[in-house]
Amino acid sequence: MTTVSPFARSSAFEETLLSAREQTIEEMYSVPESFLEIEVRNPQTHGFGRKMYTDYEIVCKTNIPAFKLRHSVVRRRYSDFEAFRDILEHESTRVNIPPLPGKVFTNRFSEEVIESRREGLERFLSIVAGHPLLQTGSKVLCAFLQDPAWDKSQWV
């Protein structure tokens with residue numbers, strides 16, 4: 001019998017792994033051990049004139065123990081995301097926090113701009129919330145994603 005080192009980069013080892021056994025139906029369709037789904041949706045523009053702003057609904061579904069709720073829905077505006085990112089950067093010096101989608105100064109309430117920003121914010125949250133060090137070590141992450149009364153002034 002030939003033994004293959006798990007560190008070897010040979011096709012023989014890969015073949016042994018692949019042919020070990022097929023997944024069962026239960027394994028394919030059961031709830032994963034841990035999951036985290038973040039969706040940024042339903043942008044709404046409020047106010048009038050210079051006081052206008054858009055906020056976004058954040059839906060979080062998870063079974064990761066670090067999160068207090070399995071399902072939550074909160075609303076946040078772009079300035080909340082900016083404050084959240086700054087707080088994360090100060091709180092988690094070992095983790096490189098990705099940038100937010102850029103600020104827009106013209107046409108910022110057009111459907112195209114709002115949709116592009118929504119996609120960027122969702123991408124940002126998925127990266128940040130999916131980071132294992134932030135899931136376990138950040139105090140602000142769960143609060144931002146799940147607390148409807150989140151206020152940036154509590155964290156500064």
Side-chain angles (χ1 to χ4, degrees), residues 14 17-18 20-156:
E14 290 168 7
L17 278 179
L18 292 175
R21 72 172 185 83
E22 289 187 26
Q23 277 189 318
T24 66
I25 296 288
E26 289 79 21
E27 289 170 331
M28 282 190 254
Y29 294 103
S30 65
V31 176
E33 281 185 37
S34 64
F35 71 92
L36 174 64
E37 294 174 15
I38 304 263
E39 183 182 7
V40 176
R41 66 182 190 192
N42 193 17
Q44 293 179 354
T45 301
H46 307 272
F48 184 74
R50 298 186 63 135
K51 302 265 188 201
M52 282 180 74
Y53 67 92
T54 302
D55 64 11
Y56 303 83
E57 188 175 75
I58 301 171
V59 179
C60 178
K61 297 176 186 173
T62 186
N63 65 355
I64 296 172
F67 290 86
K68 292 180 179 167
L69 304 170
R70 291 192 175 264
H71 182 267
S72 61
V73 179
V74 296
R75 293 200 75 80
R76 301 282 183 257
R77 52 194 291 183
Y78 186 80
S79 59
D80 293 330
F81 279 88
E82 289 178 311
F84 169 62
R85 188 186 181 284
D86 290 344
I87 296 163
L88 264 183
E89 232 173 15
H90 287 94
E91 179 186 76
S92 311
T93 55
R94 296 182 346 195
V95 178
N96 188 13
I97 308 299
L100 289 167
K103 270 226 180 253
V104 178
F105 297 100
T106 56
N107 237 2
R108 66 181 201 187
F109 298 109
S110 73
E111 285 185 30
E112 297 81 28
V113 169
I114 290 173
E115 176 57 19
S116 171
R117 180 173 273 182
R118 184 204 65 74
E119 290 172 0
L121 294 173
E122 184 171 274
R123 207 170 22 259
F124 168 79
L125 282 183
S126 294
I127 292 167
V128 167
H131 196 289
L133 287 177
L134 295 177
Q135 284 177 4
T136 56
S138 172
K139 293 176 176 57
V140 71
L141 175 65
C142 296
F144 183 80
L145 290 174
Q146 297 190 317
D147 183 359
W150 186 83
D151 181 12
K152 57 188 162 216
S153 64
Q154 297 171 323
W155 300 93
V156 181

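Pairing each heavy atom of Arg75 with each of Asn42, the nearest pair is NH2-O, 2.7 Å. Residues Thr62 and Phe35 come closest through the heavy atom pair OG1-O, 2.7 Å. For the residue pair Arg117 and Lys103, the shortest heavy atom distance occurs at NH2-CA, 3.6 Å.
Contact check for Leu134 versus Leu88: side-chain heavy atoms found under the 4.5 Å cut-off. Residues Trp155 and Phe84 are not in side-chain contact: their nearest non-hydrogen atoms beyond the backbone lie 4.5 Å or more apart. Side-chain contact between Lys139 and Glu91 is present, with heavy atoms from C-beta onward closer than 4.5 Å. Here the side chains of Leu125 and Glu39 are not in contact, with every heavy-atom distance at 4.5 Å or above. Within the 4.5 Å cutoff, side-chain heavy atoms of Phe144 are placed close to those of Ile58. Side-chain atoms of Leu36 and Cys60, non-hydrogen and from C-beta on, do get closer than 4.5 Å to each other. A heavy-atom distance below 4.5 Å is found between the side chains of Leu141 and Val128.
Remark: side-chain polar atoms of Ser126 are paired, donor with acceptor, to backbone N or O of Glu122 under 3.5 angstrom. Ser138 places no side-chain N or O within donor-acceptor distance of the main-chain N or O of Gln135, the cut-off being under 3.5 Å. Remark: the backbone N or O of Asp55 is not paired with any side-chain donor or acceptor of Gln44 at under 3.5 angstrom. With hydrogens and angles disregarded, a donor-acceptor distance shorter than 3.5 Å links the side chain of Gln146 to the backbone of Leu69. The closest donor-acceptor contact from the side chain of His131 to the backbone of Ile127 lies at 3.5 Å or more, if one exists at all.
Ion pairing of Arg118 with Glu115 is present here, as a side-chain N (NZ or NE/NH1/NH2) and a carboxylate O approach within less than 4.0 Å.
For the atom pair CG of Leu145 and CD1 of Ile38, the computed distance is 4.5 Å after rounding to the nearest 0.5 Å. Atom CD1 of residue Ile114 and atom CG of residue Leu121 lie 11.5 Å apart, to the nearest 0.5 angstrom. In this structure, Gln154 CD and Ile87 CD1 are separated by 9.5 Å, a value rounded to the nearest 0.5 Å. To the nearest 0.5 Å, atom CZ of residue Arg76 and atom NZ of residue Lys152 are 10.5 Å apart.
Considering only residues two or more places apart in sequence or on other chains, Thr54 meets the side-chain hydrogen bond (donor to acceptor under 3.5 Å, both in side chains) condition with Thr45.
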Sequence neighbours excluded and cut-off under 3.5 Å, please list the side-chain donor-acceptor pairs for residues 92-101, or say none.
none

Intermediate values then yes/no, side chain to side chain contact (heavy atoms under 4.5 Å, CB included), Trp150 and Val140: CA-CA 9 Å; Trp150 186 83; Val140 71; 3.8 Å; yes
Steps toward salt bridge (Lys or Arg N to Asp or Glu O under 4.0 Å) verdict (Glu89, Arg85): CA-CA 6 Å; Glu89 232 173 15; Arg85 188 186 181 284; 3.2 Å; yes
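Residue His90 places its NE2 atom among 12 or fewer non-hydrogen atoms of other residues, nucleotides or ligands, all under 6.0 Å distant. Within a 6.0 Å radius of NZ in Lys51, other residues, nucleotides and ligands contribute 12 heavy atoms or fewer.
Because its NZ or CZ atom is both nearer than 6.0 Å to the ring centre of Tyr53 and within 45° of the ring axis, Arg77 counts as a cation-pi partner of that residue.
Taking the six-membered ring where the residue is Trp, the centroids of Tyr78 and Tyr56 are separated by 6.0 Å or more.
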